[in-house]
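Here's the structure, in structure tokens; my notes come after.
Computed over heavy atoms, backbone and side chain alike; hydrogens, waters and symmetry mates excluded.
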Amino acid sequence: MNIINSLTQSISRALKELYAIEQAPDGIVLQDTRREFSGDYTLVVFPYVKQARKSPEAVAAEIGAYVQSNLDLVSGYNVIKGFLNFEVADSYWLQFVAGGAADTSFGLKSTDPEAAPVVVEYSSPNTNKPLHLGHIRNNLLGWSVSQLLAAAGANVKKVNLVNDRGIHICKSMLAWLRYGNGETPESTGIKGDHLVGKYYVEFDKHYKAEVKQLMESGVEEEQAKKDAPLMVEAQQMLKHWEDGDPEVRALWERMNGWVYAGFDETYRRLGVGFDKVYYESNTYLLGKELVQKGLDMGVLFRKDDGSVWCDLTADGLDQKLLLRRDGTSVYMTQDLGTALLRHNDFGAERLIYVVGNEQDYHFKVLKLILGKLGFSWADKVYHLSYGMVELPNGKMKSREGTVVDADDLIDEMEQTAAEMSREHGKNDELSADEQQHLYHILALGALKYFILKVDPTKNMLFNPAESIDFNGNTGPFIQYTHARIRSIVRKAEEGRATLDFSKISLNDKERAVVKILHALPATIQAAAEAYSPAMVANYAYDLAKAYNSFYQDTPILREEDAVTKEFRVALCQFVANALKNTMNILGIEVPERM
RNA sequence: GGCUCCUUAGCUCAACUGAAUAGAGCAUCUGACUACGGAUCAGAAGGUUGCAGGUUUGAAUCCUGCAGGAGUCACCA
């Protein structure tokens, strides 16, 4: 049994027997004893002193004595003010290592494929331009949270909702017709999504010129923006698209096809994927029936001009439009529809949307309206709201050319990784292909770790010039630690035997590593509850750091005592497995050598 | 302007639901290569946790006010 559960149960009994305090074991919080004090786990007794009617020192001493006499695994305790520090017997740690070292899935729960799934939507790109740094955070988070929830036992389904229709795509299409000269990804060698993005920019350029011209001839800015011939034509094209005009549809399919090929390539390089892909062109009409239902139920109302609204003023919000006066739907209408579709498709236990915090308001409203429409599962909708990625000079702005392109960034990372590897690496015997693969996983390890180690809810700063490092608290640091361990374990592989570790005594560095390993399952559980890959990333770093410190001044293969040596090799193996599993949750591969 | 979120070392980030002297990395300085892999390790220096109050035995964490920043408040998505 887990020592922490044993402790909290024993403490719970102690509180009851000594002071008649009813405190369930779950409610008792143990924290890791701070380094400067001796002990492994600490109970803060202040919350109980009032009821116990004794001094903090007395309460701590009495609980300590009770627990030690009732739990063999507690080898001692000490009291400092109101802090009761428990010492756990080495025998417990040794048994833990003996049992877990060879468990390649340590810390990971198995999933029941029959369980109601947790559906995670992420990525959800527009098809008019390539992916950039903001999308990278979204994709890495979406993938990692999916891995994390799966590691905590959830049956995860990853979905993508591609925004493949709308005025923005028509802009690219129109510009391509006008100025494209029949260019294709094949004819130009330009990746499909970038080619389409190029024409989106091209549209904007010519459109701006038209607006400027109109304004110079005396038209108001707002009117000019509506009247510019290119905009009028794009609107017409959208209408033709909605009417199913074969020519427009054919062009749309062709250009979207280029974009999908480009996206697939970027997804592949990022190492992310989906169980199901939805297309907005199939779902954008959904939701209208829901609006009708809402009208019938009386939770929505129609204004004189025919538009339909939901009144949320009672919830402290405004009125929200759900159907335009021409009867067409808006974003919210579609999202109501797709939520229902997804709920029906999966019978989901939870519907998670990985979407930036700029849409906090949207999701608040979405949940409210779903509730008003009578869907009991409205509270299963969870908006995983993440912070913006900022650049040193503020937000990314395509007009100012400050957008960090996803493909460019990966390219640069791979180049840097290659340079670093040639400088430091021990991979001369690798083939050219293997080296390329290594550079790739190091590059992505650095990038992914850099982004995922930050609390998802917080905005983060990304400095392209100097942000990504390969030393210190980085992905490659952890990858390096893994490679180094694997090197040791490979060398130790001959003549390994299962020996009885029970006579060993642990040194401080060993104990520190074992305690961190011991905390892995609880860490994954807590991280999953918080939807925070950052907690996993920080864990992996703590473990690697503690291991490196242990490694530095403790002989392993050089150790002469066979049992101690075998124990240390087992500990190495254990750490390697834990690093591999935690990095895998982050979507990061760990190499055998680097 | 209304609402929401944020502000921790020079910089980038930690600190689980309030707990002991607020921790890492980068940058700076000093040590460790006769190596189980130095992409490492050991150490130094660096803080009035934006400011002012309050609650509490105890506050970076909870409450109020203020300052600064971000987001949002579309018949865009």
Side-chain angles (χ1 to χ4, degrees), chain A residues 27 29 31-37 42 44-47 49-50 56 80-83 85 124 126 163 166-168 280 303 305-309 316-318 321-326 328-332 334-335 356-362 364 385 387-388 390 392 394-395 420-421 423-426 442 450 453-455 457-463 466-467 469-474 476-481 483-489 491-492 522-523 526-527 529-530 532 534-535 537-538 541-542 544-545 548-559 565 568-569 572 593-594:
Chain A
V29 180
Q31 49 189 277
D32 293 340
T33 302
R34 293 178 64 104
R35 271 194 301 270
E36 55 267 41
F37 302 100
T42 296
V44 180
V45 302
F46 290 116
V49 297
K50 208 169 204 174
I80 297 171
K81 294 190 287 182
F83 299 89
N85 302 319
S124 304
N126 293 344
N163 183 359
I167 189 72
H168 41 289
E280 207 183 280
K303 286 192 178 175
D305 64 3
S307 58
V308 177
W309 298 73
L317 305 175
D318 289 331
L321 177 87
L322 290 177
L323 285 183
R324 297 188 184 98
R325 63 169 162 249
D326 63 4
T328 55
S329 57
V330 294
Y331 181 45
M332 181 62 72
Q334 296 170 35
D335 254 16
N357 62 13
E358 60 206 346
Q359 295 196 35
D360 284 355
Y361 183 77
H362 173 79
K364 204 171 174 181
S385 165
M388 312 263 89
E390 285 160 5
K395 279 191 80 172
M420 297 290 285
S421 272
E423 194 180 325
H424 297 284
K426 298 201 165 190
L442 293 178
F450 184 84
K453 77 173 176 184
V454 181
D455 181 339
T457 65
K458 292 187 178 170
N459 287 2
M460 63 175 293
L461 185 85
F462 186 91
N463 186 335
E466 51 193 62
S467 275
D469 207 335
F470 285 67
N471 300 314
N473 186 359
T474 67
F477 169 88
I478 298 166
Q479 289 170 316
Y480 173 78
T481 304
R484 193 159 67 169
I485 296 173
R486 290 297 305 151
S487 170
I488 290 173
V489 174
K491 284 176 184 162
T523 301
E529 283 166 17
S532 175
M535 289 170 69
N538 288 320
Y541 175 67
D542 287 341
K545 198 170 157 54
N548 283 332
S549 181
F550 151 77
Y551 166 90
Q552 198 71 19
D553 53 22
T554 311
I556 300 167
L557 298 179
R558 286 184 312 222
E559 170 59 41
K565 175 178 168 182
R568 289 179 180 160
V569 171
C572 288
R593 46 178 61 101
M594 63 187 271

Considering just the side-chain nitrogens and oxygens of A/R35, establish if one lies under 4.0 Å of OP1 or OP2 belonging to B/A24.
yes
Please give the distance between the P atoms of B/C75 and B/C62 as a whole number of Å.
35 Å
Of A/H168 and A/L317, whose closest RNA chain B nucleotide lies nearer the 5' terminus?
A/L317
May I ask you to decide if A/A483's main-chain N or O and A/S487's side chain share a donor-acceptor pair within less than 3.5 Å?
no
Taking atom P in both B/C29 and B/A60, compute the distance separating them and give it to the nearest angstrom.
33 Å
Taking B/C16 as the reference, what is the distance to B/U12 when you measure between their C1' atoms (whole Å, please)?
22 Å
What distance, rounded to whole Å, do you find between the two P atoms, one in B/G65 and one in B/A9?
25 Å
Looking only at heavy atoms, the pair that brings A/N357 and A/T457 closest together is ND2-O, 4.4 Å
Using atom C1' in both nucleotides, what's the gap between B/G68 and B/A32 to the nearest angstrom?
46 Å
Check this one for me: any side-chain N or O of A/Y361 less than 4.0 Å away from OP1 or OP2 of B/U72?
no
What heavy-atom pair brings A/N538 and A/K453 nearest, and what distance separates the two atoms?
ND2-O, 3.9 Å
Looking at B/G37, I'd like to know if its phosphate oxygens (OP1 or OP2) sit under 4.0 Å from a side-chain N or O belonging to A/S487.
yes
Heavy-atom closest contact (A/L442 atom, A/S421 atom, distance):
CD1-OG, 3.4 Å
Between A/K458 and B/A14, is there a side-chain N or O to OP1/OP2 distance below 4.0 Å?
yes
Given B/G38, B/U12, B/C75, identify the nucleotide with an atom nearest to the side chain of A/Y551.
B/G38
Counter-base of B/A44, judged by Watson-Crick or G-U geometry with both distances under 3.5 Å
B/U28
Would you mind telling me which residue lines up with the more 5' stretch of RNA chain B, A/A534 or A/K364, judged by nearest nucleotide?
A/K364
Closest to the side chain of A/E358, out of B/A35, B/U12, B/U72, is B/U72
Looking at A/N126, does any N or O in its side chain come under 4.0 Å of the phosphate oxygens OP1/OP2 on B/A77?
no
Can you tell me how far P in B/G10 sits from the matching atom in B/G46, rounded to whole Å?
11 Å
Short side-chain N/O contact to B/G38 OP1/OP2 from A/R484, under 4.0 Å:
yes
Proximal nucleotide (of B/U21, B/A19, B/G38) relative to the A/V44 side chain:
B/A19
Given that both distances must come in under 3.5 Å, which nucleotide forms a Watson-Crick or G-U wobble pair with B/G71?
B/C3
Please give the distance between the C1' atoms of B/G71 and B/U21 as a whole number of Å.
38 Å
Specify the separation, in whole Å, of atom CD of A/E529 and atom P of B/U17.
11 Å
Please pick, from B/A77, B/C36, B/A39, the nucleotide with the shortest atom-to-atom distance to any side-chain atom of A/Y480.
B/A39
Within the side chain of A/R568, is there an N or O that forms a donor-acceptor pair under 3.5 Å with the backbone of A/P555?
yes
So for A/T474 and B/A39, does any side-chain atom that can act as donor or acceptor lie under 3.5 Å from a complementary atom in the base?
no
How long is the line joining CD of A/Q31 and C1' of B/U21, in whole Å?
14 Å
For the pair made of CD in A/E390 and P in B/A70, what is the distance, rounded to whole Å?
8 Å
From the options B/U17, B/G37, B/C13, select the nucleotide whose nearest atom is closest to the side chain of A/V29.
B/U17
Taking only the side-chain heavy atoms of A/N459 (C-beta and beyond), determine which of B/A70, B/C41, B/U12 contains the nearest atom.
B/A70
Of the options A/V330, A/L322, A/L321, which is the one that meets A/S307 in a side chain to side chain contact (heavy atoms under 4.5 Å, CB included)?
A/L321
Watson-Crick or G-U wobble partner of B/U56, both distances under 3.5 Å
none
Whole-Å distance, A/F37 CZ to B/A19 C1', equals 11 Å
Which nucleotide, if any, forms a Watson-Crick or G-U wobble pair with B/A22, using both distances under 3.5 Å?
none
Between the side-chain atoms of A/T481 and the base atoms of B/A39, is any donor-acceptor pair under 3.5 Å?
no
Output the single nucleotide from B/A20, B/U12, B/U57 whose closest atom is nearest the side chain of A/N85.
B/A20
Complementary nucleotide for B/A9 - Watson-Crick or wobble, under 3.5 Å
none
Are the aromatic rings of A/F450 and A/F462 close, with centres under 6.0 Å apart?
yes
In whole Å, measure the gap between the C1' atoms of B/U49 and B/G2 for me.
30 Å
Would you mind classifying the nucleic acid contact of A/S124 as base, sugar-phosphate or nothing, using non-hydrogen atoms under 4.0 angstrom?
nothing
Counting only side-chain N and O atoms of A/R34, is one of them less than 4.0 Å from OP1 or OP2 of B/A20?
yes
Can you tell me whether the side chain of A/D305 and the base of B/C75 have a donor-acceptor pair closer than 3.5 Å?
yes
Rounded off to whole Å, could you give me the CG-to-C1' distance for the A/N548 and B/A32 pair?
15 Å
Is there aromatic stacking of A/F83 on B/A20 here, judged by a ring-centre distance under 5.5 Å and a plane angle under 30°?
yes
OP1 or OP2 of B/G25 under 4.0 Å from side-chain N/O of A/K545:
yes
Closest to side chain of A/H424, choosing from B/A20, B/A39, B/G37:
B/A39
Tell me what A/A483 touches on the nucleic acid: a base, only sugar-phosphate, or nothing, going by heavy atoms under 4.0 Å.
base
Verify whether one side chain among A/T474 and A/D469 offers a donor that lies under 3.5 Å from an acceptor in the other.
no
Return the pairing partner of B/A15 with a 3.5 Å limit on both distances, Watson-Crick or G-U wobble; otherwise return none.
none
Report the base-pairing partner of B/U61 (Watson-Crick or G-U wobble, both distances below 3.5 angstrom), or none.
none
Taking the minimum atom-to-atom distance to the side chain of A/P47, which one of B/A19, B/G71, B/U21 wins?
B/A19
Can you check whether A/F550's main-chain N or O pairs, donor with acceptor, with A/T554's side chain at less than 3.5 Å?
yes
Integer-rounded Å distance: B/U12 P and A/Y541 OH:
18 Å
Using whole Å, what does the distance between atom C1' of nucleotide B/C73 and atom CG of A/D360 come to?
13 Å
Quick check for you: to the nearest 0.5 Å, what is the distance between A/R486 atom CZ and A/R593 atom CZ?
9.5 Å
Across every strand shown, the nucleotide meeting Watson-Crick or G-U wobble geometry with B/G38 (both distances under 3.5 Å) is none
Does a nitrogen or oxygen in the side chain of A/Y331 sit under 4.0 Å from OP1 or OP2 of B/C75?
no
Phosphate contact (B/G37 OP1 or OP2) by A/K491 side-chain N/O below 4.0 Å
yes
Report yes or no: is the ring centroid of A/F46 under 5.5 Å from the six-membered base ring centroid of B/G58, with the two planes under 30 degrees?
no
In whole Å, what is the span from the CD1 atom of A/I556 to the C1' atom of B/A35?
13 Å
Does A/N473 make a side-chain N or O approach to OP1 or OP2 of B/A24 shorter than 4.0 Å?
no
